[in-house]
2 protein chains.
Amino acid sequence: MTSLSIGQLAEQAGVAIDTVRYYERNDLLTPAGRLASGYRRYGTTELKRLRFIRRAKALGFSLDDIRALLALSDERDVAEVKRAAQRKLADIELRIAELERIRGGLHTLIAACPGHGRAEACPILNALTQEESA
Amino acid sequence: MTSLSIGQLAEQAGVAIDTVRYYERNDLLTPAGRLASGYRRYGTTELKRLRFIRRAKALGFSLDDIRALLALSDERDVAEVKRAAQRKLADIELRIAELERIRGGLHTLIAACPGHGRAEACPILNALTQEESA
DNA sequence: CTGCACCCTGGATCCAGGTCCAGAGTCAAG
DNA sequence: CTTGACTCTGGACCTGGATCCAGGGTGCAG
């Protein structure tokens, strides 16, 4: 039989036990049942669900996002799932653009800095000290 | 005379008053002096320093990083400032690469999803439900 | 001198996503 | 039966970077 303890579930999904209980508190994952002792029991459904959560997190979804995704996948609403993925993609692209802006700024400063000599000649310090230019 | 209250300083640097006091508690910015009443007073040195902090933050430096940068710029250690900027650049590039990896994954899934029909045909749900491949 | 905007302190709260703990109960191998 | 590994609960704590609050004091224009 494929009944798992919380420790086995956690190990097979690659998360910490405390994380499983945390997800339960936050309505992301409910045990299939409990033993008379109160011990949680999980089946393959829960294992898949937990792995889904882990992968979605790796794709940059927040737990709120994931709760919504899980509800949608329960409803099998493919169109809405696709739209959610598109929104997340747009969000990721914004974050990339912002980091690229920062990278450009740093790159320029580093390239222009001789790396020795007077502080006044260091464009990094100057850039950080300079007045606004819009 | 160029003596500023905390409110004037905050406004001219574009941060909140609470943020100025927060920076003080965290050893980033000390008032030039105090009135008999205890009111903080700031000069142009502090205004420049606060603007430095704001810009460095916009470049992705943490407050810990910034504390170190400020110490270095006080010591006028240009070589070390350059190295710190290079480390931060490497860090930003790592973050960009990670986001690009995520973007690639999402992009592939979205492109392959018809956006309608059976849940089984949705590669987004499938990808999140699939077993590991690596 | 009144009124209102401003400032003071210390501490609480927030966000996300967990992590850790104490004290008690349970399961299973030997 | 013993022992050690596992699990239970509820709640405290963590990071980073603020933000907000209560209850009081101050500065200054009219």
Side-chain angles (χ1 to χ4, degrees), chain A residues 1 3-42 46 49-70 88 91-92 95 98 102, chain B residues 1 3-42 46 49-70 88 91-92 95 98 102:
Chain A
M1 64 149 192
S3 178
L4 300 171
S5 70
I6 191 170
Q8 291 166 334
L9 178 79
E11 204 206 324
Q12 292 197 30
V15 304
I17 290 180
D18 275 342
T19 302
V20 177
R21 286 195 280 246
Y22 173 75
Y23 287 166
E24 182 176 342
R25 276 202 295 288
N26 288 277
D27 302 317
L28 285 160
L29 184 71
T30 307
R34 297 267 189 159
L35 297 183
S37 60
Y39 281 28
R40 294 165 177 83
R41 291 272 102 186
Y42 300 92
E46 287 73 35
R49 195 174 174 98
L50 183 50
R51 285 181 169 155
F52 181 109
I53 294 170
R54 203 166 65 69
R55 288 194 192 90
K57 221 157 47 65
L59 284 175
F61 289 90
S62 71
L63 296 189
D64 271 3
D65 292 337
I66 295 170
R67 214 181 342 267
L69 275 178
L70 285 166
K88 185 51 59 176
D91 174 49
I92 299 283
R95 288 204 259 158
E98 170 67 4
I102 291 168
Chain B
M1 62 150 194
S3 178
L4 301 170
S5 70
I6 191 171
Q8 291 166 334
L9 177 79
E11 205 207 323
Q12 292 197 30
V15 304
I17 289 180
D18 275 342
T19 302
V20 176
R21 285 195 280 246
Y22 172 76
Y23 288 166
E24 181 177 342
R25 276 202 296 286
N26 289 277
D27 302 316
L28 285 159
L29 185 71
T30 308
R34 297 267 189 158
L35 296 185
S37 59
Y39 281 28
R40 293 166 179 82
R41 292 273 100 185
Y42 300 91
E46 287 73 36
R49 194 174 175 99
L50 183 50
R51 286 181 169 155
F52 180 109
I53 295 169
R54 203 165 65 68
R55 288 194 192 90
K57 220 158 46 65
L59 283 175
F61 290 91
S62 70
L63 295 189
D64 271 3
D65 291 337
I66 294 171
R67 214 182 342 267
L69 275 178
L70 285 166
K88 184 53 58 178
D91 175 48
I92 299 283
R95 287 204 260 157
E98 170 68 2
I102 292 168

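What you see is a predicted model; the values in this text were computed from it and never measured.
- Side-chain atoms of Arg51(A) come within 3.5 Å of backbone atoms of Gln12(A) as a donor-acceptor pair (strictly under, hydrogens ignored).
- Side-chain nitrogen and oxygen atoms of Arg40(B) include at least one within less than 4.0 Å of the OP1 or OP2 phosphate oxygen of dT9(C).
- Remark: Arg34(B) is in phosphate contact with dT9(C), judged by side-chain N or O atoms under 4.0 Å from OP1 or OP2.
- When the nearest nucleotides of DNA chain D are assigned to Leu35(B) and Phe61(B) by heavy-atom distance, the more 5′-ward of the two goes with Phe61(B).
- Residue Ser62(B) places no side-chain N or O under 4.0 Å from the OP1 or OP2 atom of dG16(D).
- The side chain of Ile17(B) approaches dC7(C) more closely than any other nucleotide in the set dT19(C), dC7(C), dT19(D).
- At the phosphate of dC27(C), OP1 or OP2 sits under 4.0 Å from a side-chain N or O atom of Ser37(A).
- Mapping Asp18(A) and Gln8(B) onto DNA chain C by nearest heavy atom places Gln8(B) at the nucleotide closer to the 5' end.
- In this structure, CG on Leu59(B) lies 9.0 Å from CD1 on Ile66(B), to the nearest 0.5 angstrom.
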* To do: Go through Glu46(B) and Thr30(B) one step at a time and tell me if the side-chain contact (heavy atoms from CB on, under 4.5 Å) criterion holds.
  => CA-CA 8 Å; Glu46(B) 287 73 36; Thr30(B) 308; over 6 Å; no

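- When the side-chain nitrogen and oxygen atoms of Tyr23(A) are compared with OP1 and OP2 of dG18(C), one or more of them lie within a distance under 4.0 Å.
- Considering only heavy atoms from C-beta on, Leu29(A) stays 4.5 Å or farther from Leu70(A) through its side chain.
- Residue contacts for Arg21(B): at a heavy-atom cut-off of 4.0 Å it reaches a base atom on one of the strands shown.
- When heavy atoms are screened at a 4.0 angstrom cut-off, Arg25(B) is found touching base atoms of the nucleic acid.
- At whole-Å resolution of the value, CD1 in Ile6(B) and C1' in dT9(C) are 12 Å apart.
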* How far apart are the C-alpha atoms of Asp91(B) and Arg95(B), what are their side-chain angles, what is the distance that settles it, and do they pass the side-chain contact (heavy atoms from CB on, under 4.5 Å) test? -> CA-CA 6 Å; Asp91(B) 175 48; Arg95(B) 287 204 260 157; 4.1 Å; yes

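- What separates CG of Leu9(B) from P of dC8(C) is a distance of 11 Å, to the nearest Å.
- In this structure, OH of Tyr22(A) is placed 6 Å from P of dG18(C), rounded to the nearest angstrom.
- OP1 or OP2 of dC7(C) has at least one side-chain nitrogen or oxygen of Ser5(B) nearer than 4.0 Å.
- The phosphate of dG25(C) (OP1 or OP2) has no side-chain N or O of Tyr39(A) nearer than 4.0 angstrom.
- Applying the 4.0 Å criterion to OP1 and OP2 of dA18(D), one finds that Lys57(B) has a side-chain N or O inside that range.
- Between the CZ atom of Arg41(B) and the P atom of dT26(D) there is a distance of 15 Å, given to the nearest Å.
- If you measure from atom CD of Glu11(B) to atom C1' of dC6(C), you get 13 Å, rounded to the nearest angstrom.
- The separation between Leu63(B) atom CG and dG17(D) atom P is 4 Å, rounded to whole Å.
- Atom CD in Glu24(B) sits roughly 14 Å away from atom P in dC7(C) (whole-Å rounding).
- Here the closest heavy-atom approach between residue Val20(A) and residue Ala10(A) is recorded as CG2-CB, 4.0 Å.
- Regarding Leu28(A), its CG atom lies at a distance of 10 Å from the P atom of dG17(C), rounded to whole Å.
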